[in-house]
S.K.: 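This is the structure I have questions about; it appears just below.
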Amino acid sequence: LMRSLKHQDLVRYYKEGESADNYIYAEQRSNLMLVAGNHYARKDSVFLGRLRDSKHMSHEQKLRLTKNHIQRICKIYENNILTQAPGVSVSPKNESELQDQKVAEICNSVWEDIKYRHRFSDRIREYCQDYIRIGECFTKIFWDETKGQFLGYEQAVDEFGQPMVDEMGQPVQDTARPKFSGDLVFERHFGFNVFRALEAKNLDESWFVGIRKMVDIDDLKARVGDDEEKLKFIQESRDETYQVFDGQSSSYQKANNQCLVLEMYIRPSQQFPKGYYYIYTTAGVLFEGELPFGIFPIVYTGFDEVPTNPRYHSIIKHL
């Protein structure tokens with residue numbers, strides 16, 4: 001049933017999704033600039049310079065006042081949500097069943113531990129800010145084997161793939177291959193870095209959701225190992241120049257020692273019964289496979305939904 005996609009198709013889907021939502025990306029970046037108070041970036045424009053230098057205008061007429069209440073309004077919205085202490089809790093399906101009560105208690109204990117270890121109070125605040133200011137909130141939830149507690153090193157192997165031991169018969173550790181217990185990762189993504197299927201009428205109907213992000217070259221090489229073909233894909237992508245939006249300076253910066261990585265997550269369907277994912281660059285595919293347990297890893301919500309528009313808008317658009 002499953003039909004794999006070619007790399008040229010993956011790049012085409014990315015470019016189609018990017019071009020379809022370019023106006024949304026521009027609006028979302030402008031929202032961040034408005035909240036930060038950087039909405040008048042061109043203070044030295046020719047038009048304003050002509051007004052300042054004009055001899056036919058009085059000094060009083062040259063005064064320029066700017067009132068920006070956007071940040072204050074956004075914070076009022078955010079505080080109204082956060083003061084309600086949003087969260088979830090597990091309750092037994094059958095209140096009278098002792099077994100259901102015990103299962104609910106265990107699930108709540110696990111959930112409380114996750115919230116404590118992953119600083120969920122901070123994450124909820126960040127998600128709320130994205131929800132109000134950008135208009136969309138995205139997070140990717142997955143299991144990362146490189147996270148968690150450090151357990152030691154993998155056993156070294158020789159050129160024939162056989163485990164190596166020292167003179168005492170003890171396993172030789174490979175310090176280049178650390179082993180961790182693994183942990184859940186909640187990866188925050190901004191709306192202007194998310195793309196979808198061109199024909200989708202809303203995000204729930206989009207047969208895939210894609211993410212673009214800049215990844216450190218050394219970290220990416222460590223993940224692909226000694227695969228020469230994949231290392232070549234990384235190098236080819238590294239040679240390209242990318243402009244990355246910096247919300248703090250409200251400008252675009254060149255990415256150094258990083259390359260653009262695209263991730264596509266396909267929902268379970270008749271064509272992909274357990275779902276599928278691709279992690280690739282503009283040069284080639286780095287990783288691919290079925291979704292673990294068939295679970296779609298992207299969770300999202302939006303502020304203001306417009307009919308026939310698959311993307312959401314922030315309150316800032318109306319303000």
Side-chain angles (χ1 to χ4, degrees), residues 1-21 88 90 93 100 103-104 106-107 110-111 114 118 127 136-148 180-191 193-213 215 220 223-225 227 229-230 233-234 237 260-302 305 308-312:
L1 284 175
M2 191 173 64
R3 176 178 65 86
S4 60
L5 301 176
K6 297 180 180 180
H7 175 257
Q8 59 186 11
D9 296 327
L10 300 176
V11 175
R12 176 170 57 85
Y13 289 136
Y14 162 64
K15 291 183 177 180
E16 288 178 350
E18 183 185 36
S19 61
D21 290 335
V88 295
V90 182
K93 184 175 182 179
D100 286 5
V103 171
I106 294 174
C107 290
V110 174
W111 178 230
I114 290 175
H118 293 278
Y127 296 151
E136 293 180 328
C137 172
F138 289 89
T139 187
K140 183 181 74 172
I141 308 172
F142 62 100
W143 181 264
D144 192 341
E145 295 181 351
T146 65
K147 305 295 183 181
F180 295 87
S181 60
D183 200 357
L184 281 173
V185 175
F186 300 84
E187 198 171 79
R188 178 188 181 191
H189 292 279
F190 302 118
N193 289 326
V194 176
F195 59 97
R196 45 84 184 185
L198 178 64
E199 67 277 6
K201 295 297 183 292
N202 59 62
L203 284 178
D204 292 334
E205 291 181 1
S206 180
W207 60 275
F208 77 86
V209 174
I211 295 170
R212 59 182 177 188
K213 60 183 181 180
V215 180
L220 198 56
R223 289 181 177 271
V224 302
D227 192 320
E229 184 179 17
K230 293 181 179 179
F233 294 155
I234 296 173
S237 180
L260 177 67
V261 173
L262 305 171
E263 301 179 2
M264 177 188 286
Y265 297 94
I266 302 175
R267 301 179 188 276
S269 61
Q270 185 175 9
Q271 184 177 338
F272 300 94
K274 294 184 179 180
Y276 211 77
Y277 72 90
Y278 292 93
I279 300 177
Y280 59 103
T281 68
T282 54
V285 177
L286 301 179
F287 308 100
E288 64 175 288
E290 293 182 340
L291 295 178
F293 306 104
I295 299 176
F296 191 69
I298 309 295
V299 182
Y300 53 85
T301 189
E305 184 177 5
T308 70
N309 187 345
R311 305 302 293 263
Y312 299 87

S.K.: With a 4.5 Å cut-off on side-chain heavy atoms, are V110 and V90 touching?
M.R.: no
S.K.: Which residue pairs pass the salt bridge (Lys or Arg N to Asp or Glu O under 4.0 Å) test when at least one of the two sits in residues 193-205, sequence neighbours left out?
M.R.: D21-R196
S.K.: List the residues meeting ring pair (Phe, Tyr, Trp, His ring centres under 6.0 Å) with F138, not counting sequence neighbours, and say none if there are none.
M.R.: Y300
S.K.: List the residues meeting side-chain contact (heavy atoms from CB on, under 4.5 Å) with D100, not counting sequence neighbours, and say none if there are none.
M.R.: P92, K93, N94, E97
S.K.: Only counting residues at least two apart or in another chain, list the ones meeting side-chain hydrogen bond (donor to acceptor under 3.5 Å, both in side chains) with Y14.
M.R.: E18, R212
S.K.: Any side-chain heavy-atom pair from F272 and L291 closer than 4.5 angstrom?
M.R.: no
S.K.: How about P297 and Y265: do any of their side-chain heavy atoms sit closer than 4.5 Å?
M.R.: yes
S.K.: Can you name the residues that form a side-chain contact (heavy atoms from CB on, under 4.5 Å) with R223, not counting sequence neighbours?
M.R.: D144, T146, D219, F287
S.K.: Run the numbers on H118 and V185 for side chain to side chain contact (heavy atoms under 4.5 Å, CB included), then give the verdict.
M.R.: CA-CA 8 Å; H118 293 278; V185 175; over 6 Å; no
S.K.: Mind checking what makes side-chain hydrogen bond (donor to acceptor under 3.5 Å, both in side chains) contact with T139, not counting sequence neighbours?
M.R.: Y127
S.K.: Sort and list the pairs that fulfil salt bridge (Lys or Arg N to Asp or Glu O under 4.0 Å) and have at least one residue in residues 263-272, not counting sequence neighbours.
M.R.: K140-E263, K213-E263
S.K.: Do L220 and L286 make a side-chain contact, defined as non-hydrogen atoms from C-beta onward lying under 4.5 Å apart?
M.R.: yes
S.K.: List the residues meeting side-chain contact (heavy atoms from CB on, under 4.5 Å) with F180, not counting sequence neighbours, and say none if there are none.
M.R.: F150, P178
S.K.: Partners of H7 by ring pair (Phe, Tyr, Trp, His ring centres under 6.0 Å), sequence neighbours excluded?
M.R.: none
S.K.: What I'd like to find out is whether the side chain of Y278 reaches to under 4.5 Å of the side chain of L262, using heavy atoms alone.
M.R.: no
S.K.: Taking only residues two or more places apart in sequence, or in another chain, which ones meet W207 in a ring pair (Phe, Tyr, Trp, His ring centres under 6.0 Å)?
M.R.: Y13
S.K.: Suppose we screen for side-chain contact (heavy atoms from CB on, under 4.5 Å). Which residues come up paired with E305, at least two apart in sequence or across chains?
M.R.: Y312
S.K.: Only counting residues at least two apart or in another chain, list the ones meeting ring pair (Phe, Tyr, Trp, His ring centres under 6.0 Å) with F190.
M.R.: F192
